[in-house]
Amino acid sequence: MRSRELPPDTVLAWFDVHARDLPWRDPDTSAWGVLVSEIMLQQTPVSRVEPVWLNWMARWPRPSDLAAETQGEVVRAWGKLGYPRRALRLHAAATEIAERHDDVVPSDVDVLLALPGIGAYTARAVAAFAYGQRTPVVDTNVRRVVARAVHGAADAGPPSTTRDLADVAVLLPTTESRAARYSAALMELGAIVCTARSPRCADCPVLSDCAWQRAGRPAYSGPAKPVQRFAGTDRQVRGLLLDVVRGSDRPVERHRLDLVWADAGQRDRCLDSLLVDGLMEQTDEGLFALPGER
DNA sequence: CAGCCGTGGGC
DNA sequence: TGCCCAAGGCT
């Protein structure tokens, strides 16, 4: 099955010319490097990931290198990428890969899915981009591109993994290597042309085939998307607390943490949740440190 | 499955 | 400014 709106030849030719030169796209990048990039890129812009990824790969070129590190060092190297539990999960995944997969990142989607921090998107991204497999890779960019070009809608509706995967599966070219590259191309199209706000339709390779364009670019009519607050949430407070500990080379006193947020109840709750998550530990003297750095 | 989990940049 | 958005995953 071929898509009239997203023809592989057109999309691939565009990608050949316009693909960004990202370090994890270097042909020499290992499957481990691809996996690390995909975890870091979850909900995080490319520009912030690049320097951290370069440092990370120079320091821990194999899963076993990361597995040998303390959790605290890993959380510290994660820096301010956000969602630091990803760092712990990546460390746990590296440990499993080192111990149970002979230090080789699995290529099978179902095996990848069993690793911590790897879900429907990341498993298929690794299978496609590290191992060249033909499998639908569906992220927010792809969902938007398909919603517009194929379905004629301004944006994708609520995500449904099963439906989204089937939706994209029928678009993939038959040839394995072309399919993998096509997946990367759809993501790139969504990232730099078919963007969420003010899409650059004039630069789009499939403008003349686009169903949304054909329909006169109607406004989004689906259900309202839930807006994520941040200011004042536990997420913000956790971030502030962890930042204090992450920025210190020795365990910090409770008083230092009390300074970052006035509401003692919320502060205590967040501190406790950080301890429960394993992002922090308390020393015998009652000081706070990154895990494994007591 | 809806809500939660960081952070910063653009408009 | 406040809001939206950024290569999601987990419970």
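Just so it is clear: chains get the letters A, B, ... in the order the sequence lines come, proteins before strands, and each one is counted from 1.
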Write down the distance between [atom1] ([X]) and [atom2] ([N]), rounded to a whole number of angstrom.
{"X": "A/I39", "N": "B/dC5", "atom1": "CD1", "atom2": "C1'", "value": "15 Å"}
{"X": "A/R229", "N": "C/dC5", "atom1": "CZ", "atom2": "C1'", "value": "14 Å"}
{"X": "A/R269", "N": "B/dC4", "atom1": "CZ", "atom2": "P", "value": "11 Å"}
{"X": "A/R89", "N": "B/dC4", "atom1": "CZ", "atom2": "C1'", "value": "11 Å"}
{"X": "A/E50", "N": "C/dA7", "atom1": "CD", "atom2": "P", "value": "14 Å"}
{"X": "A/R86", "N": "B/dC4", "atom1": "CZ", "atom2": "P", "value": "19 Å"}
{"X": "A/R20", "N": "C/dA7", "atom1": "CZ", "atom2": "C1'", "value": "9 Å"}
{"X": "A/L241", "N": "B/dT7", "atom1": "CG", "atom2": "P", "value": "10 Å"}

Response to the item:
Whichever of A/Y83 and A/P226 has the more 5' nearest nucleotide on DNA chain B, that residue is A/P226
Fill in: Distance in Å, A/R48 CZ paired with A/K80 NZ, rounded so as to fall on 0.5 Å steps
9.5 Å
Worksheet entry | Between A/Q42 and A/Y121: side-chain donor-acceptor atoms closer than 3.5 Å | no
Worksheet entry | Distance-only donor-acceptor check, side chains A/H18 and A/D203, under 3.5 Å | no
Within the 4.0 Å heavy-atom criterion, would you say [X] contacts the bases, only the backbone, or no part of the nucleic acid?
{"X": "A/A120", "result": "sugar-phosphate"}
{"X": "A/A125", "result": "nothing"}
{"X": "A/G119", "result": "sugar-phosphate"}

Worksheet entry | P-based separation of B/dG6 from C/dT11 [nearest Å] | 14 Å
Fill in: Whole-angstrom distance between B/dG3 and C/dA7, as gauged at atom P
23 Å
Discussion item. Given the structure, check if the side chain of A/R48 and the base of B/dT7 hold any donor-acceptor pair shorter than 3.5 Å.
Written reply: yes
Worksheet item: Does any N or O donor sit under 3.5 Å from an N or O acceptor when you compare the side chain of A/T44 with the base of C/dG8?
Response: no
Looking at [N], I'd like to know if its phosphate oxygens (OP1 or OP2) sit under 4.0 Å from a side-chain N or O belonging to [X].
{"X": "A/Q42", "N": "C/dG8", "answer": "no"}
{"X": "A/K80", "N": "B/dG8", "answer": "yes"}
{"X": "A/T233", "N": "B/dC5", "answer": "no"}

Choose from [options] the nucleotide whose nearest atom is closest to any side-chain atom of [X].
{"X": "A/L22", "options": "C/dA7, B/dC5, C/dC4", "value": "C/dA7"}
{"X": "A/L41", "options": "C/dC5, B/dG6, C/dA7", "value": "C/dA7"}
{"X": "A/R197", "options": "C/dA7, C/dG9, B/dG10", "value": "B/dG10"}

Worksheet entry | Step-by-step ring pair (Phe, Tyr, Trp, His ring centres under 6.0 Å) determination, A/W78 to A/W56 | CA-CA 8 Å; A/W78 192 258; A/W56 197 280; 5.8 Å; yes
Practice prompt. Test side-chain contact (heavy atoms from CB on, under 4.5 Å) on A/H101 and A/V111 and set out the steps.
Written response: CA-CA 10 Å; A/H101 301 288; A/V111 178; 3.6 Å; yes
Worksheet item: Distance-only, no hydrogens or angles: does the A/R148 side chain make a donor-acceptor pair with backbone N or O of A/W212 under 3.5 Å?
Response: no
